[in-house]
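Written below as structure tokens is the structure these notes are about.
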Amino acid sequence: MLKPNKLINKNFLSSLDMTYEEVNHILELAKNFKNKSLETDFKDKVLGLIFDKSSTRTRVSFQVAMSRLGGTTIDLNPNTSQIGRGEPIKDTARVLSRYCDVLAIRTFNQSEIEEYAKWSSKPVINALTDIEHPCQALADFMTIKEEFGDFEKVVLTFIGDGNNVANSLILCGALLGVEVRIACPRGYEPNPVVIDKANSVSKKNNFLRITNDPYSAVSGANVLYTDVWSSMGEENKMEDKDKDFKGFTIDSDLVEKANKDAIVLHCLPAYRSKEITDEVIDSKSSRIFDQAENRLHAQQALLFYLLS
Ligand code: CP
Ligand code: NVA
């Protein structure tokens, strides 16, 4: 398979670190890995994982992806390494990148992951920050492509907090030419810098609509997407946010108002009965568990691309 012409940015810190061609290339590779039609042997390659926040899907899918590529993973627990003691990122990054071939990092501030990338001699992958979750977006658009074949007529409506997951959907959606709508309570709109960046790369006029009305946002949509109302690090805001997000649950009634062929996505983990009902997660419209599986294939493709 040919690589796209433009070389990838060494790091994947944001959805916009890839070009349109690169995202499509990764999605194609991911499809091949899913079909088991691509063999690799990255015997001596090592992925280092640094997770300052909890994770099930991202951590395990990275570990399995690396193992399927023939390589190995080291999961650095910040509490049992010197990271939790506060060793400067610039020292940690310089040392770890002499041992590992690629690093995947989950942390709070985007500036921390940028600091890792600045000092690491090997590629750094954003495994979630407060501002973006670009690996999630790759799996999400892979799932959407599996369902609809291409992105041309896709209308993606995200209902919930204008957070990291929504930001990466907006940025990757802008690259891929998907119409994106965000329905959130007033005050929970996505980051304005992200919106500006997305508008600057989008070739579609009015590709993005932000509204406080979930019902108008789902009309004509073929993908409904949600995420938790309170993200990791916001546990103390949960009571207030639960009140603010009343009326923003994806339930059967809301799904009924979307296109007949609409599918439902959620990055997981979910609070069943808050942002989404049990009935919808387990309904025939749900592709949530295919989406979770696709984390593995998309990240295997990403690692393959960065390490080849
Ligand atoms: N969707 C996602 O990133 O899940 P984890 O927090 O379990 O990694
Ligand atoms: N917005 C959520 C996503 C979890 C995968 C969080 O940051 O906790």
Side-chain angles (χ1 to χ4, degrees), residues 12-15 30 47-66 73 75-78 103-113 125-144 156 158-172 182-185 187-191 194 223 225-238 240-242 244-245 248-250 264-272 274-276 281 286-300 302-303:
F12 188 49
L13 308 185
S14 161
S15 291
L47 164 69
L49 297 175
I50 304 171
F51 279 53
D52 290 337
K53 292 175 176 173
S54 304
S55 169
T56 298
R57 279 142 289 269
T58 310
R59 187 199 305 278
V60 177
S61 56
F62 264 122
Q63 286 174 327
V64 176
M66 201 58 193
T73 314
D75 189 356
L76 284 141
N77 179 338
L103 299 171
I105 299 169
R106 170 169 286 198
T107 190
F108 292 85
N109 296 320
Q110 187 76 13
S111 59
E112 288 172 49
I113 205 158
I125 298 171
N126 180 348
L128 181 145
T129 58
D130 289 347
I131 201 87
E132 273 208 60
H133 198 1
C135 294
Q136 179 71 53
L138 289 177
D140 300 342
F141 285 104
M142 176 178 178
T143 313
I144 294 169
L156 163 62
F158 178 94
I159 298 149
D161 194 14
N163 62 8
N164 43 12
V165 169
N167 289 337
S168 287
L169 287 172
I170 292 172
L171 293 170
C172 200
I182 307 288
C184 57
Y188 294 102
E189 288 80 9
N191 184 304
V194 167
V223 182
Y225 195 126
T226 190
D227 179 16
V228 290
W229 293 337
S230 299
S231 286
M232 289 178 276
E234 294 189 326
E235 290 73 14
N236 60 346
K237 296 185 185 162
M238 195 176 278
D240 288 340
K241 289 187 93 170
D242 284 353
D244 294 345
F245 281 80
F248 285 81
T249 301
I250 299 193
V264 179
L265 301 180
H266 189 311
C267 56
L268 299 177
Y271 282 104
R272 287 173 179 247
K274 285 193 182 183
E275 72 274 4
I276 191 163
I281 294 195
S286 167
R287 297 292 178 277
I288 292 170
F289 297 98
D290 298 317
Q291 175 189 12
E293 178 188 331
N294 286 340
R295 297 293 307 278
L296 165 62
H297 309 302
Q299 283 155 212
Q300 191 174 351
L302 174 66
L303 290 168

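Given the structure is predicted, the values throughout are model-derived calculations rather than measurements. Every number for a ligand or one of its atoms is a count from 1 in the order of the listing. Residue numbers start at 1 and run along the sequence shown.
- When atom types are taken as modelled, the side chain of Thr73 and the backbone of Leu47 share no donor-acceptor pair closer than 3.5 angstrom.
- Every N/O-N/O distance between Arg106 and ligand 2 stays at or above 3.5 Å.
- The closest non-hydrogen atom to atom 6 (O) of ligand 1, taken over Arg59, Met232, Arg57, Arg106, comes from Arg106.
- Contact between Leu128 and ligand 1 is absent, with no heavy atom of the residue lying under 4.0 Å from the ligand.
- Ring geometry for Tyr188 versus Phe245: interplanar angle of 30 to 60°, hence tilted.
- With contacts defined as side-chain heavy-atom distances shorter than 4.5 Å, the pair Leu268/Phe289 qualifies.
- Ligand 2 has an N or O atom lying under 3.5 Å from an N or O atom of Ser231, backbone or side chain.
- Between Leu268 and ligand 1, a contact under 3.5 Å exists for at least one N or O pair.
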Checking side-chain contact (heavy atoms from CB on, under 4.5 Å) for the pair Glu112/Thr129: CA distance, chi angles, key distance, verdict?
CA-CA 9 Å; Glu112 288 172 49; Thr129 58; over 6 Å; no
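- Regarding atom 8 (O) of ligand 2, its nearest protein heavy-atom neighbour is Met232 N, 2.8 Å.
- Contacts between Asn164 and ligand 2, counted as non-hydrogen atom pairs separated by less than 4.0 Å, involve the side chain only.
- Of the protein's non-hydrogen atoms, the one nearest atom 4 (C) of ligand 2 is Leu128 CD1, 3.9 Å.
- If you number the atoms of ligand 1 from 1 as listed, the ones under 4.0 Å from a heavy atom of Thr56 come out as 5 (P), 7 (O), 8 (O).
- Asp244 has no carboxylate O lying under 4.0 Å from a charged side-chain N of Lys237, or vice versa, which leaves the two without a salt bridge.
- Within the structure, ligand 2 has Leu268 among the residues with a heavy atom less than 4.0 angstrom away.
- Of the N and O atoms on the side chains of Ser14 and Glu132, at least one donor lies less than 3.5 Å from an acceptor on the other residue.
- Ligand 1 places these atoms under 4.0 Å from at least one heavy atom of Gln136: 1 (N), 2 (C), 3 (O).
- Considering only heavy atoms from C-beta on, Val223 stays 4.5 Å or farther from Thr143 through its side chain.
- For ligand 1, the atoms closer than 4.0 angstrom to any heavy atom of Arg295 are 1 (N), 2 (C), 3 (O).
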Step-by-step side-chain contact (heavy atoms from CB on, under 4.5 Å) determination, Phe62 to Arg106:
CA-CA 12 Å; Phe62 264 122; Arg106 170 169 286 198; over 6 Å; no
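- Within the listing of ligand 1, atoms 2 (C), 3 (O) sit less than 4.0 angstrom from a heavy atom of His133.
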Full working for side-chain contact (heavy atoms from CB on, under 4.5 Å) between Gln110 and Leu13
CA-CA 8 Å; Gln110 187 76 13; Leu13 308 185; 4.1 Å; yes
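- Ligand 1 lies out of reach of Lys53, whose nearest heavy atom is not under 4.0 Å from it.
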